[in-house]
2 protein chains.
Amino acid sequence: MEIKSRIWIEEKGKPFIGFGRINLLKEVEKTSSISAAARAMHMSYKKAWQLLDQMNKLAPEPVVIKNVGGKSGGGTQVTDYGVLLIQKFEELNTQCITFLEEEFKSWQS
Amino acid sequence: MEIKSRIWIEEKGKPFIGFGRINLLKEVEKTSSISAAARAMHMSYKKAWQLLDQMNKLAPEPVVIKNVGGKSGGGTQVTDYGVLLIQKFEELNTQCITFLEEEFKSWQS
DNA sequence: AATCGCTATATTTATGAAAACATAACGCTA
DNA sequence: TAGCGTTATGTTTTCATAAATATAGCGATT
């Protein structure tokens, strides 16, 4: 028996950040490219682009900054705010898992 | 911005109980019938039956007891173990939500 | 023994989300 | 100015899951 959980944050009832988006953000941070991140995650470029676009639209300030054309075709950078978001989310998730596992022990007895 | 969560319990890597199954169990408890519960939840009888069947198979002891034929065609009762499961799950879920909301306050500041 | 509402299960059909495919624009570089 | 890899976006196709449909069996009740 294992306790499992998922957490996410909504804005105006729409999904803002969750596991998939955070992982995508981390990959973009690593590669500075939406297409490279999508490839690495075996996700279509379109899907990745849409997720990031929605995040940007829902966020109080941009999570990524995208550049079209130019050196190496362009690229995408995660903003400081985006980096903070990753850190905060992962921290909260870890805390949640720890809490649940502790509680679940006493449930089983 | 709202923090959201889902918890569930797995057995051997397979979903054992989660929101949908708990709600179904509660409805079966109320109606003593899989078909009545399914109707109330706008779920197909087959889906409901399958969910309960899988729960029973994964559980250490039966969650529901089903009777075919007889008075009013038969029926299904939630066992004491099943009732306990509902209570425990809902309690754990409430605790999780409380915990997350508290943590999320300090995140935002 | 006929009826009734339920459990049990197989088969077919819909539906919605993801993937796949296609194409255009952009701007540095060579 | 031709080419490259990227962002940007529309359209089509697949696929997995849920819903719908169909049918059989059960057993107390009448």
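In this text the structure is predicted, and so the values were computed from the model without any measurement. Chain letters run A, B, ... following the sequence lines, proteins first, then strands; residues in each count from 1. Basis for what follows: all heavy atoms, side chains included, without hydrogens, waters or symmetry-related copies.
- To the nearest angstrom, C1' of C/dA8 lies 18 Å from CD1 of B/I65.
- In terms of phosphate contacts, B/S35 brings a side-chain nitrogen or oxygen within less than 4.0 Å of OP1 or OP2 of C/dT7.
- Both A/D53 and A/G69 lie close to DNA chain D; mapped to their nearest nucleotides by heavy-atom distance, the more 5′-ward contact belongs to A/G69.
- Atom CZ of B/R39 and atom C1' of D/dA20 are 16 Å apart (whole Å).
- A/G82 and A/L25 get closest at one heavy-atom pair: O-CD1, 4.2 Å.
- At a threshold of 4.0 angstrom between heavy atoms, the contacts of A/S44 with the nucleic acid are absent.
- A donor N or O paired with an acceptor N or O is found under 3.5 Å between the base of D/dT11 and the side-chain atoms of A/K46.
- A salt bridge links B/E2 with B/K4: the distance from a Lys NZ or Arg NE/NH1/NH2 to an Asp or Glu carboxylate oxygen falls below 4.0 Å.
- At the heavy-atom level, A/N67 lies under 4.0 Å from the strands shown only through sugar-phosphate atoms.
- Two residues are said to be in side-chain contact when any heavy atoms from C-beta on lie closer than 4.5 Å; A/P60 and A/Y81 meet this criterion.
- Using a 4.0 Å cut-off between charged nitrogen and carboxylate oxygen, A/E90 and A/K26 count as a salt-bridge pair.
- A salt bridge links A/E27 with A/K30: at least one charged nitrogen is closer than 4.0 Å to a carboxylate oxygen.
- Residue A/S33 places none of its side-chain N or O atoms closer than 4.0 Å to OP1 or OP2 of D/dG5.
- Across the protein-nucleic acid pair, B/L51 atom CG and C/dA8 atom C1' stand 15 Å apart, rounded to whole Å.
- Counting to the nearest Å, the C1' atom of C/dT9 and the CD atom of B/Q54 are 16 Å from each other.
- The CG-C1' distance, from B/N56 to C/dA8, rounds to 14 Å in whole Å.
- The distance between atom CE of B/M43 and atom C1' of D/dA20, rounded to the nearest whole Å, is 15 Å.
- Residue A/K71 places its side chain closer to C/dC28 than to any other of D/dT7, C/dC6, C/dC28.
- Computed from coordinates, the B/Q50 CD to D/dA18 C1' distance equals 10 Å when rounded to whole Å.
- Where A/K47 and A/G73 each meet DNA chain C at their nearest nucleotide, the meeting point lying more 5' is that of A/K47.
- Side-chain proximity of B/K66 to the nucleotides C/dT7, C/dC6, D/dT7 is greatest for C/dT7.
- Atom NE2 in A/H42 sits roughly 16 Å away from atom C1' in C/dA20 (whole-Å rounding).
- Between B/W49 and C/dT7 there is no side-chain polar atom (N or O) within less than 4.0 angstrom of OP1 or OP2.
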